[in-house]
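Being a predicted model, the structure only gives us computed values, none of them experimental.
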Amino acid sequence: MNTTNSSAHLAASYLESPQKQPYVSHQPNSDGHIAYSDDEHFMWQTLLERQAKQIPNRACSAYLDGLTKLQLPTTQIPQLATIDDVLQATTGWQTAAVPALISFGKFFKLLSQRRFPVATFIRRMDDMDYIEEPDIFHEIVGHCPLLTHPAFAAFNETYGKLGLNASKEERWFLARLYWFTIEFGLVGHATKDRKIYGGGILSSPSETLYALSDTPEHRAFDLLDVLRTPYRIDHIQPIYYVIDELDTLFDIVDSDIMGVVKQAMSLGLFEPTYARDANC
C-alpha cells in the first residue's frame with residue numbers, strides 16, 4: 001500500500017497514531033525563509049528523483065506544463081515565495097504555510113482567497129512510501145503545477161467558497177468531491193489516453209503506477225455518484241473517477257454543486273468497496 005493525501009485539510013477530526021512521532025511544521029523567519037536540514041533536503045531530492053521516473057508518460061500535459069513553469073530545485077526544498085511568484089503570474093494564486101492539520105473552516109477560507117495550504121514539513125525516511133499527512137512534497141509536487149491551469153485554479157477557488165457556507169454534513173459530502181478530483185482524479189476516458197491530474201496520485205510513486213493499471217475500477221465522472229462514494233484515507237484507492245478533459249472542471253464549477261450535495265445527502269452513500277472501518 002502506498003499513497004499520500006490531503007485529507008488532513010478536509011477531516012479536522014483526524015488524530016495521529018499515538019505510536020508515531022508527530023510531524024511538526026517549520027516556521028518561517030522574519031524574512032519568510034524556512035530553514036530545512038540536510039536530511040530534509042535529501043528526502044526532497046530522493047522523492048523527486050523517484051517520481052521523475054514515473055510521471056512523464058502518466059501525468060496529464062497541463063501538469064507537466066506547470067511543472068516546467070515552476071522549475072522546482074532538484075537538490076533542496078523550495079521556498080514558498082519562489083512558488084508564489086509563478087502562481088501569481090499565471091492564475092493569481094499563492095501558497096499559505098500551515099501545520100499538517102487545519103480545520104475545515106480554515107481550509108475553505110484559504111482556498112476561497114486563492115491561497116493554497118502547504119504544510120511546511122517533509123516526510124521521514126520511515127514514511128518514504130506511505131504518509132497519511134500531507135507534507136510539502138505532496139502539496140508542491142502534487143498540486144502546485146496544476147494551480148497554473150485556469151480550470152484547476154477556478155475549481156479550487158469555487159470549492160473554497162462553497163465550503164465556507166456549507167453545513168457540517170454538507171462539508172463531508174463536499175470532501176468526497178475534492179477527494180475524487182483534486183486528490184485522486186484521472187482525465188481521459190479512452191484507456192490509451194488516460195492520464196493523472198490528482199495530487200494524491202502524483203506525489204506517490206507506486207500509486208502513480210497503480211492508478212493507470214487494470215487493477216482499480218475506473219468510473220466516468222458523475223457528480224452525484226462521486227458525492228455518494230465512500231473512501232479511505234489510509235488505503236490505496238480501489239476506485240478512480242475520470243473526467244473527459246481538465247476543462248471539465250469548469251463545467252463542474254458552473255453546475256449546481258450544492259443542489260447535488262443535498263440530493264446525495266437524501267440518497268445516502270453507496271456501499272463501500274472495502275472493509276467498513278476507517279471510511280469517510
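Ion pairing between a basic and an acidic side chain is recognised when a charged N comes within 4.0 Å of a carboxylate O; Glu157 and Lys161 show such pairing.
In this structure, Phe137 and Trp44 have perpendicular ring planes: the angle between them is above 60°, well past the 30° mark. Using cut-offs of 30° and 60° on the angle between ring planes, the pair Phe104 and Trp172 is perpendicular. Classified by interplanar angle (parallel below 30°, tilted 30° to 60°, perpendicular above 60°), the ring pair Trp179/Phe184 is tilted.
Transitive grouping of hydrophobic side chains (ILVMFWY, heavy atoms separated by less than 4.5 Å) brings Leu224 and Met258 into a common cluster.
Applying the side chain to side chain contact (heavy atoms under 4.5 Å, CB included) rule to Thr215 yields the partners Tyr210, Ser213; only residues at least two apart in sequence or on another chain are considered. Tyr241 is linked by a side chain to side chain donor-acceptor pair (under 3.5 Å) to Arg219, Thr229, counting only residues two or more places apart in sequence or in another chain.
Looking only at distances, a side-chain donor or acceptor of Gln237 sits under 3.5 Å from a matching main-chain atom of Arg232.
For Gln79 and Thr82, the side-chain atoms include no donor-acceptor pair closer than 3.5 Å.
For the pair Arg58 and Tyr63, the cation-pi test (distance below 6.0 Å, angle within 45°) is failed.
Within a 6.0 Å sphere centred on CD of Glu217, heavy atoms belonging to other residues, nucleotides or ligands number more than 12.
The only option from Asp135, Ile140, Asp127 that meets the side-chain contact (heavy atoms from CB on, under 4.5 Å) definition with Ile122 turns out to be Asp135.
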